[in-house]
K.L.:
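Here's a structure for you.
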Amino acid sequence: MFNKSLKVDFYLQDTLTVAKQLLGKILVIQKNRILRSAKIVETEAYIGDHDPACHAYGKFTNRSSTLYEEGGTIYVYFIYGNHYCFNVVTEPKGKGCAVLIRAVEPVEGLDFMFKKRGKNIPLHNLTNGPGKMTQAMGIDESFNRKNLFTPSIYIFQPDYQSDFEIVTTTRIGINVGKEFPYRFYIKNNPFVSRK
DNA sequence: GACAAGATTAGCT
DNA sequence: GCTAATCTTGTCT
């Protein structure tokens, strides 16, 4: 399976292109001998050079330094005292761009996910939000600055996939840069965080 | 060293 | 729909 991993060229593309093309792809994590995988159903783009909501906008800090790495690097940060957010760095080194994975549809490792999220929650609440999907998949700060080209974490295009429609909207939970239509999700997918 | 804000979530009304 | 919880990061002193 690992040999199907997306190559660095995919992540070096324009950030909006990557954000849209990540929909339908499968994120795989194998850590502590437990495999879990999920289909990406919702993403948001953050673009350093003109986007005030991006952590890399107008500044190079300790936290945002990861965003200036080459496309395919993983950027994980802690927010609101409770949650991790999982991002994929895009474009060539030095650009400061990334795609936030906001929601996924569980494929493998459901036992692991329910154990992490709580045994009695409804299936559709397992991974339908940026903090929820990191908790379910077991993503924490130890993944920050790693890349998506290792057997322990990677993304691939499944062989068979039914067609889907992409919905484009503005992003959620931010106070600046609200006007940019940089959020994308798979229409009618029950794991999308919000309509 | 202090302080405010934040790419969220769960729980209650 | 509204709000508390919770703590890291960046900025200013």
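Labels below follow one simple rule: chain letters A, B, ... track the order of the sequence lines, proteins then strands, and each chain is numbered from 1. Here the structure is a predicted model, which is why all the values come from computation and not from measurement.
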K.L.:
Counting only heavy atoms not in A:Lys31 (residues, nucleotides, ligands), do more than 12 fall under 6.0 Å from its NZ?
P.N.:
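Check passes, neighbour count above 12.
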K.L.:
The side chain of A:Asn175 lies closest to which of these nucleotides: C:dG10, B:dA7, B:dG6?
P.N.:
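Per side-chain heavy atoms of A:Asn175, the pick is B:dG6.
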K.L.:
Report yes if a side-chain nitrogen or oxygen of A:Lys132 is closer than 4.0 Å to either non-bridging phosphate oxygen (OP1 or OP2) of B:dA10; otherwise report no.
P.N.:
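True: A:Lys132 side-chain N/O within range (under 4.0 Å) of B:dA10 OP1/OP2.
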K.L.:
Provide, to the nearest angstrom, the distance between the CG atom belonging to A:Leu67 and the C1' atom belonging to C:dG10.
P.N.:
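Taking CG of A:Leu67 and C1' of C:dG10, I get 15 Å after rounding.
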K.L.:
Would you please classify the geometry between the A:Tyr182 ring and the A:Phe180 ring as parallel, tilted or perpendicular, with 30° and 60° separating the classes?
P.N.:
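Plane angle under 30°, so parallel.
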K.L.:
Can you list the steps and then say if A:Ser65 with A:Arg145 is a side chain to side chain donor-acceptor pair (under 3.5 Å)?
P.N.:
CA-CA 9 Å; A:Ser65 65; A:Arg145 277 189 175 278; 2.7 Å; yes
K.L.:
Distance check needed: C:dT9 P versus A:Tyr57 OH, whole Å only.
P.N.:
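Distance check: A:Tyr57 OH to C:dT9 P gives 23 Å.
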K.L.:
A:Arg183 CZ to B:dT8 P: how many Å, rounded?
P.N.:
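It is 11 Å, rounded to the nearest whole Å.
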K.L.:
Answer with base, sugar-phosphate or nothing: what part of the nucleic acid does A:Arg171 contact at a heavy-atom distance below 4.0 Å?
P.N.:
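No contact at all - A:Arg171 keeps every heavy atom at 4.0 Å or more from the nucleic acid.
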K.L.:
Relative to each other, are the rings of A:Tyr77 and A:His55 parallel, tilted or perpendicular (30° and 60° limits)?
P.N.:
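Perpendicular.
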K.L.:
Would you say whether A:Tyr80 stacks on C:dA5? The test is a distance between ring centres of less than 5.5 Å and an angle between planes of less than 30°.
P.N.:
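No, aromatic ring not over the base.
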K.L.:
Of the options C:dT6, C:dG10, B:dA7, whose atoms approach the side-chain atoms of A:Arg102 most closely?
P.N.:
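Ranking C:dT6, C:dG10, B:dA7 by closest atom to the A:Arg102 side chain puts B:dA7 first.
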K.L.:
For A:Phe60 and C:dT11, give me the distance from atom CZ to atom P, rounded to whole Å.
P.N.:
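The distance from CZ of A:Phe60 to P of C:dT11 comes to 13 Å, rounded to the nearest Å.
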K.L.:
A:Gln135 CD to B:dA10 P: how many Å, rounded?
P.N.:
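Roughly 7 Å, once rounded to whole Å.
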K.L.:
Just the rounded figure in Å: distance from P of B:dA7 to CD1 of A:Ile172.
P.N.:
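About 13 Å, once rounded to whole Å.
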K.L.:
When the distance from CD1 of A:Ile79 to C1' of C:dA5 is rounded to whole Å, what number comes out?
P.N.:
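Value for this atom pair: 14 Å.
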K.L.:
Sort out the partner of C:dT6 for me: Watson-Crick or G-U wobble, both distances under 3.5 Å, none otherwise.
P.N.:
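C:dT6 is paired with nothing.
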K.L.:
Would you indicate which nucleotide in B:dT8, B:dT9, C:dT8 comes nearest to any side-chain atom of A:Phe78?
P.N.:
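Of the candidates, C:dT8 comes closest.
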K.L.:
Of the options C:dG10, C:dA5, B:dA7, whose atoms approach the side-chain atoms of A:Tyr77 most closely?
P.N.:
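Side chain of A:Tyr77 sits closest to B:dA7.
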K.L.:
Let me know the distance between CD1 of A:Ile121 and P of B:dT9, rounded to the nearest Å.
P.N.:
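Taking CD1 of A:Ile121 and P of B:dT9, I get 12 Å after rounding.
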K.L.:
Under a 3.5 Å cutoff, is there a donor and acceptor pairing between the side chains of A:Lys95 and A:Thr15?
P.N.:
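Distance-only check fails for A:Lys95 and A:Thr15.
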K.L.:
Between A:Arg117 and B:dA10, is there a contact of a side-chain N or O with OP1 or OP2 at under 4.0 Å?
P.N.:
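Answer is yes, contact under 4.0 Å.
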